[in-house]
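The structure appears right after this line, and notes come after that.
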Amino acid sequence: VKRIGVLTSGGDAPGMNAAIRAIVRKTIYDGNEIYGIRYGYRGLAEGDIYQMTIDNVSDLLARGGTMLYTARYPEFKTKEGLEKAIEQLKKFGIDSLIVIGGDGSYRGARSLSQAGFPTIGIPGTIDNDIPGTDYTIGFDTACNTALDAIDKLRDTATSHIRTFVIEVMGRNAGDIALVAGIGSGAEQIIIPEADLDMDLIVSEIDAGRERGKKHTIIVLAEGVMSGHEFAEKLSAYGNYHARVTVLGHVQRGGSPSARDRMLASSFGYAAVELLSQGKSGVCVGIRGEEIVYGDIIDTLDQKRESVLKPLAKINEEISY
Ligand code: ATP
């Protein structure tokens, strides 16, 4: 009987629970044991570990957040932190580990792999900013949440003839801004992947006003600058007072979308399946509709190419 450990790390994302559920159920189906590690790498180093049963994951699929909790634990970058973790894994007799998280969490998984401990990474972050996969768990739900909020802001913007700057998450990636912005018909979508041209933005706002536009919705990715900074830049041009809405952590919550539940269940299943085939030191992903996996070290060295790149061109030509 093999003992697999699972933890979630970094920022939480809707669908992490669905992945945990799939991992627990598939491991038990295979006749093996599954151990939940609470609070990410911190809980791992501190031995906050318990054997999970099917009952632990009942009624879980539709819930946002992560039932295993998550934490930031910078000490994991040190030799001592890593040694503590490996000691605990040995103590509990755990043979392999599945880590669900973002870029930083992958680095932790890479350290464990390099130290000889079989580890698999699953991409879980709303930012969609991890190499080796087209999509990450939580991204689709976050886009839908942002979209819903922007639709509502549009109602009030139209009623008062106002300009709104809506700051969305995504770290250094503009994927959430692109999807939510194009989906909501925003006049401007500002992403870190494109050069910022304030003069062009202002001239497009002017042209819209001349055509009788009742509102201007500007969706801004947080990776460019903050919404307030952007509004200040805009007001320097004169009559361009903008209301700023920072969507913030609402984007991280909520029940996962169908897409995220499916993705998370497929990733969870694939990770357990790979371990049973003796594969580790890899991370899973999706390319097109196919679940894939790649070496975790190579993947982290890759430059991420967003699969949504074509949307940036569409944005340029239809958002104004
Ligand atoms: P998100 O992108 O959603 O915030 P993340 O996984 O990128 O998620 P981080 O805070 O960057 O979030 O990383 C999570 C944890 O992973 C860190 O607190 C730390 O314990 C571990 N970690 C990060 N970087 C490294 C590294 N270079 N080496 C070892 N462990 C790391």
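The first residue in the sequence is number 1, and the count goes up from there.
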Are any side-chain N or O atoms of [X] and backbone N or O atoms of [Y], one a donor and one an acceptor, separated by less than 3.5 Å?
X: Tyr41; Y: Ala109; value: yes
X: Ser159; Y: Asp155; value: yes
X: Asp48; Y: Gly43; value: no
X: Thr8; Y: Thr70; value: no
X: Ser184; Y: Leu147; value: no
X: Gln302; Y: Pro131; value: no
X: Arg3; Y: Tyr35; value: no
X: Asp295; Y: Ile297; value: yes
X: Thr136; Y: Thr125; value: yes
X: Asn32; Y: Thr27; value: no

Counting neighbours of [atom1] on [X] that are heavy atoms of other residues, nucleotides or ligands and sit closer than 6.0 Å, is the number greater than 12?
X: Tyr50; atom1: OH; result: yes
X: Asp301; atom1: CG; result: yes
X: Lys26; atom1: NZ; result: yes
X: Gln51; atom1: CD; result: yes
X: Tyr240; atom1: OH; result: yes
X: Asn172; atom1: CG; result: no

Side chain proximity check, [X] to [Y], heavy atoms < 4.5 angstrom:
X: Ile49; Y: Ile94; value: yes
X: Asn56; Y: Val24; value: no
X: Ser280; Y: Leu274; value: no
X: Phe139; Y: Cys143; value: yes
X: Leu200; Y: Ser203; value: yes
X: Leu112; Y: Leu89; value: yes
X: Val282; Y: Ile296; value: no
X: Val307; Y: Tyr135; value: yes

Could you state the interatomic distance from [atom1] ([X]) to [atom2] ([Y]), rounded to the nearest 0.5 Å?
X: Leu68; Y: Ile20; atom1: CG; atom2: CD1; result: 4.0 Å
X: Ile191; Y: Ile176; atom1: CD1; atom2: CD1; result: 12.5 Å
X: Leu97; Y: Ser113; atom1: CG; atom2: OG; result: 9.0 Å
X: Arg63; Y: Arg21; atom1: CZ; atom2: CZ; result: 12.5 Å
X: Ser111; Y: Lys79; atom1: OG; atom2: NZ; result: 13.0 Å
X: Ser265; Y: Ile23; atom1: OG; atom2: CD1; result: 10.0 Å

Parallel under 30°, tilted from 30 to 60°, perpendicular over 60°: which one fits the rings of Phe76 and Tyr73?
tilted
Residues pairing under salt bridge (charged side-chain N to carboxylate O under 4.0 Å, His left out) where one sits in residues 184-202, two or more places apart or in two chains, turn out to be Glu187-Lys213
Going hydrophobic residue to hydrophobic residue with side-chain gaps under 4.5 angstrom, can you get from [X] over to [Y]?
X: Leu275; Y: Ile291; answer: yes
X: Val284; Y: Phe117; answer: no
X: Ile54; Y: Val272; answer: yes
X: Val99; Y: Phe92; answer: yes
X: Met198; Y: Val219; answer: no

Go through the steps for Ile100 and Val6 under the test side-chain contact (heavy atoms from CB on, under 4.5 Å), then give the verdict.
CA-CA 8 Å; Ile100 309 167; Val6 56; 4.1 Å; yes
Testing the basics here: between [X] and [Y], what is the closest heavy-atom pair and its distance to 0.1 Å?
X: Ala18; Y: Ala264; value: CB-CB, 3.8 Å
X: Asp12; Y: Gly65; value: OD2-CA, 3.7 Å
X: Ala186; Y: Ser319; value: O-CB, 3.5 Å
X: Val292; Y: Gly132; value: CG2-O, 4.3 Å
X: Ala271; Y: Ile122; value: CB-CD1, 3.9 Å
X: Ala173; Y: Asp127; value: CB-O, 3.8 Å

Should the pair Glu317-Lys313 be classified as a salt bridge under the 4.0 Å nitrogen-to-oxygen rule?
yes
NZ/NE/NH1/NH2 to OD/OE distance under 4.0 Å, Glu289 and Arg259
yes
Could you check Leu196 against Ile201 for side-chain contact (heavy atoms from CB on, under 4.5 Å), going step by step and ending with a plain yes or no?
CA-CA 9 Å; Leu196 179 66; Ile201 291 167; 3.8 Å; yes
Are side-chain N/O atoms of Asp260 and Thr141 paired as donor and acceptor at under 3.5 Å?
yes
For the residue pair Arg252 and Thr145, confirm or rule out a side-chain donor-acceptor distance under 3.5 Å.
no
Please assess Thr133 against Phe267 for the test side-chain contact (heavy atoms from CB on, under 4.5 Å), listing each intermediate value before the final yes or no.
CA-CA 11 Å; Thr133 187; Phe267 283 167; 4.0 Å; yes
Check step by step if side-chain contact (heavy atoms from CB on, under 4.5 Å) holds for Arg211 and Tyr320.
CA-CA 11 Å; Arg211 290 198 314 274; Tyr320 52 85; 4.1 Å; yes
Considering the options Asp134, Asp129, Asp103, Asp175, which one meets the salt bridge (charged side-chain N to carboxylate O under 4.0 Å, His left out) requirement together with Arg304?
Asp175
